[in-house]
Amino acid sequence: MSKYKWRDLVDINSKTRSHLSALSCIAHIDANAFFAQVEQIRCHYTKDDPVVCVQWSSIIAVSYAARKYGITRMDSIGDALKKCDKLVPIHTAVFRKGEDFWQYHDGCGSWVDDEDKKLTPENFKVSLDPYRRESRKILKVFNEWCDVVEKASVDEVFLDLGRCCFSMLMFDESVHSFNEIRRVFKEGEYDLDLYLPPVPRNLDIQFDGNVYNPEKRSLFEDWDDVIFCLASILTNRIRSNIEEVLGYTTSCGIARTKSISKLASNFKKPAAQTIIKNSCIEDFLDNEKFEITSFWSMGGITGQELSQLLNLPKEKTIKYIRDSWPTTSDELKGFIDTKLREMGKDRDKYHTIDETQTQAIADKLFQLVRGEYRLSVNAKPMVKSMMSNKNLRGNSCKNFKDCIAWLEVFSGELDGRIRELEQEYNRLFIPKTIAISVRGHKFQKHAKSSSLMFTGSHIHSKDFLEAGSRLTQELDMKFGKDSGYYPLTNLNMSISNFEILEKGKTIVDMFGRQAQVTKKVEPGNFSSVESVTAENKESLFLCQPCDLSFSSEEQLREHADYHYALKLSESLNGANEDSKNLSYGERRLLFSKRKRPACSSSKNDSKRVKSTPQSDIYKFFK
DNA sequence: TACTCACAG
DNA sequence: GGCTGTGAGTA
């Protein structure tokens with residue numbers, strides 16, 4: 001007999017409840033030394049070349065090949081060259097002061113002898129655009145395979161694999177072990193409150209990756225292990241797909257919660273995956289000397305203060321918490337409350353801990369140490385704002401004219417990032433407000449903002465430059481005569497309040513004359529753009545992979561199911577093998593009927609291609 | 001709404 | 001360590 005009920009199994013097929021199910025299955029996938037990998041691939045090096053990504057004279061990402069020489073992110077480029085004379089330092093792309101496009105200057109950097117080829121913060125601004133682009137490409141692949149994807153940062157994602165695993169278990173005809181449970185499910189001969197049948201013996205499936213199993217437990221103790229096994233097969237396929245098509249290696253962790261899966265993906269690197277069985281979670285947390293500060297969001301002051309407050313021992317803090325408060329979080333809450341009260345006048349030492357929130361803190365901690373803290377996997381909303389920022393050194397911004405030169409850079413960067421979004425979503429992004437902020441030696445911050453007129457359907461860098469210059473001039477007139485205003489130490493431009501419109505249509509075409517558009521973003525890659533006008537109300541539900549729109553959420557969900565079916569049959573019935581020789585574009589056409597995005601027409605692209613003609617990193621967009 | 005702080009990569 | 005980004009809390 002299983003310890004899980006039918007309800008637990010059926011729930012993982014629900015987008016909204018899966019993360020709460022006892023059979024939940026989450027993956028965290030992380031691109032290894034991402035910036036270094038991007039540069040390695042762009043410049044046609046191999047994984048064995050000791051590539052590092054450089055910004056001025058600091059190393060911001062170290063490839064695994066370079067780590068073998070003991071090089072770390074803390075090393076200056078000079079230190080690193082001492083450790084490895086074969087080092088391949090590659091500088092990030094940069095904007096030149098006064099220009100509105102970025103470029104790679106391969107062969108240039110702080111480490112070269114030629115003075116003319118030195119890249120310095122006085123005259124350049126780093127561009128992270130190439131990494132954001134590659135990140136989006138990777139994200140697209142995840143979205144093709146999985147219905148719930150959360151982009152956690154530029155180089156990591158969470159996947160809720162509930163539906164995927166459920167489908168593999170119930171509908172994959174090539175695996176015979178599950179015929180009986182499938183029959184019962186399909187005939188409807190089950191009750192949600194009944195326990196599942198025992199896991200069949202001699203399963204014809206195998207884990208992909210490393211199962212964390214120090215106690216040598218049976219690999220398939222119950223259905224959770226079956227789910228995780230299917231998940232491991234799937235994530236391996238997804239990761240292989242990403243490596244085949246884009247070249248990136250990734251690390252993956254599979255577990256029942258986000259926090260455990262994140263620890264797991266970090267456990268073995270690079271290019272590995274680690275599965276934490278539910279029955280091994282406590283072993284994992286205890287054996288691998290994790291502390292509460294190891295958990296996400298606990299890495300800073302909050303974790304420190306919490307550790308102190310609870311008088312946690314240095315070693316085995318997680319086990320200590322579990323053993324000290326074994327049954328409920330209530331006693332833990334009581335303990336925290338008492339401690340805070342005892343603190344009395346020293347209370348402000350723990351300013352991070354809010355005494356009205358002790359129940360929530362206790363609950364979270366109680367669950368975290370048991371691998372039971374269940375956060376849902378949420379797609380992040382598209383964008384709220386965008387900033388282009390420059391810390392200025394020395395005299396690189398000593399008057400109004402210098403400001404304008406940097407504003408050129410900011411305008412170009414923001415414009416490029418908007419173009420990217422427009423390509424990705426096939427929508428127009430129109431920011432309605434713009435802000436300029438400055439910092440100097442003698443003052444913390446002066447800022448000005450204004451609304452952006454939107455003239456016609458296109459906004460480009462000139463509009464930002466114009467509006468930004470005006471604001472900067474106002475600041476200059478107001479404070480510029482003050483001694484200590486110049487040279488500025490920081491200058492930035494930000495845009496916000498985006499209107500998101502269908503391409504080729506004006507807001508009036510879409511929604512009528514007195515339309516006011518409000519944006520709503522649905523979780524997942526299926527977003528809805530909702531328009532509210534005085535008279536009519538209309539919703540569009542968009543399937544990003546296909547760029548099809550639907551008039552109801554129901555239709556969209558139905559359509560989405562079609563995607564999973566295709567992907568899963570591809571994955572499990574060997575279609576993957578058959579299509580191995582096809583190009584990515586052909587594969588995508590085959591499986592998702594998706595049009596390739598048009599070749600990017602941004603200024604950045606043409607410049608970039610010119611400067612590095614050998615690069616084929618963006619070939620999939622051609 | 002704007003600003004600061006905490007946190008992360 | 002420099003840089004970018006997000007969310008929570010606060011005035």
Side-chain angles (χ1 to χ4, degrees), chain A residues 28-38 53-62 72-80 91-95 110 119-122 124-132 135 150-158 251 258-259 262-263 265-266 269 292-306 350-357 360-361 364 375 378-393 409-410 413-414 417 432-433 435-437 439 443-451 489-497 521:
Chain A
H28 179 263
I29 300 178
D30 185 19
N32 313 124
F34 185 51
F35 290 10
Q37 271 204 88
V38 172
C53 176
V54 182
Q55 161 180 90
W56 316 139
S57 53
S58 335
I59 294 177
I60 55 174
V62 189
T72 72
R73 258 164 52 111
M74 290 303 148
D75 288 325
S76 72
I77 189 70
D79 297 342
H91 201 282
T92 62
V94 290
F95 290 90
S110 62
L119 299 176
T120 66
E122 281 73 31
F124 296 93
K125 180 191 191 305
V126 164
S127 171
L128 301 181
D129 248 51
Y131 314 120
R132 283 191 283 262
S135 176
E150 175 176 330
K151 178 176 176 166
S153 78
V154 73
D155 64 355
E156 53 183 329
V157 294
F158 287 101
S251 298
K258 283 168 86 172
S259 64
K262 179 152 169 99
L263 294 178
S265 72
N266 194 40
K269 291 182 152 190
I292 59 168
T293 51
S294 310
F295 291 117
W296 192 84
S297 83
M298 291 288 179
I301 305 169
T302 315
Q304 291 295 323
E305 292 186 353
L306 209 48
Y350 299 100
H351 64 279
T352 306
I353 300 170
D354 179 346
E355 69 270 18
T356 66
Q357 298 293 332
I361 294 170
K364 179 170 172 177
L375 289 176
N378 285 325
K380 293 265 185 330
M382 308 192 203
V383 267
K384 285 180 184 136
S385 67
M386 250 183 226
M387 178 193 277
S388 183
N389 179 66
K390 174 74 184 166
N391 289 331
L392 302 153
R393 308 180 184 184
V409 170
F410 299 158
E413 176 163 43
L414 293 175
R417 289 179 60 184
K432 293 194 298 184
T433 62
I436 294 286
S437 162
R439 198 165 65 217
F443 61 99
Q444 254 301 310
K445 185 184 260 187
H446 293 311
K448 273 222 169 266
S449 64
S450 71
S451 54
T489 58
N490 176 278
L491 179 62
N492 70 60
M493 177 190 280
S494 64
I495 50 180
S496 54
N497 278 328
V521 180

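Chain A is the first sequence line, chain B the second, and so forth, proteins listed ahead of strands; every chain is numbered from 1.
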* Asked: How would you label the contact of A:M387 with the nucleic acid (heavy atoms, under 4.0 Å): base, sugar-phosphate, or nothing?
  -> sugar-phosphate

* To do: Between C:dG5, C:dG2, B:dC3, spot the one nearest the side chain of A:A447, thanks.
  => B:dC3

* Asked: Counting side-chain heavy atoms from C-beta on, which of C:dT4, B:dC7, C:dG2 comes nearest to A:N389?
  -> C:dT4

* Should the ring pair A:H91 and A:W56 be called parallel, tilted or perpendicular, given that the plane angle runs from 0 to 90° and is split at 30 and 60? -> tilted

* Touch check for A:K125, heavy atoms < 4.0 angstrom, all strands: base, sugar-phosphate only, or nothing? -> sugar-phosphate

* To do: Choose from C:dT4, B:dC7, C:dG2 the nucleotide whose nearest atom is closest to any side-chain atom of A:R132.
  => C:dT4

* Asked: If you check every side-chain atom of A:L128, which of B:dC7, C:dG7, C:dT4 has the closest atom?
  -> C:dT4

* **N/O donor-acceptor pair under 3.5 Å between A:Q37 side chain and A:N32 backbone** => yes

* For A:E156 and A:D30, indicate whether the former's side chain and the latter's backbone hold a donor-acceptor pair under 3.5 Å. => no

* Side-chain (A:S251) to main-chain (A:N266) donor-acceptor, under 3.5 angstrom -> no

* To do: Write down the distance between CD (A:Q357) and P (C:dA8), rounded to a whole number of angstrom.
  => 12 Å

* Check the distance between C:dC3's C1' and A:L491's CG and give it to me in whole angstrom. => 15 Å

* Asked: Which part of the nucleic acid, if any, lies within reach of A:M298 when heavy atoms closer than 4.0 Å are counted: base, sugar-phosphate only, or nothing?
  -> sugar-phosphate

* Asked: Over how many whole Å does the gap from A:Q304 atom CD to B:dC5 atom C1' extend?
  -> 17 Å

* Asked: Roughly, in whole Å, what's the span from NZ in A:K151 to P in B:dG9?
  -> 14 Å

* Out of C:dG5, C:dG2, B:dT4, which nucleotide sits closest to the side chain of A:K445? -> B:dT4

* Any idea which of B:dG9, C:dG1, C:dC3 is nearest the A:I60 side chain? -> C:dG1

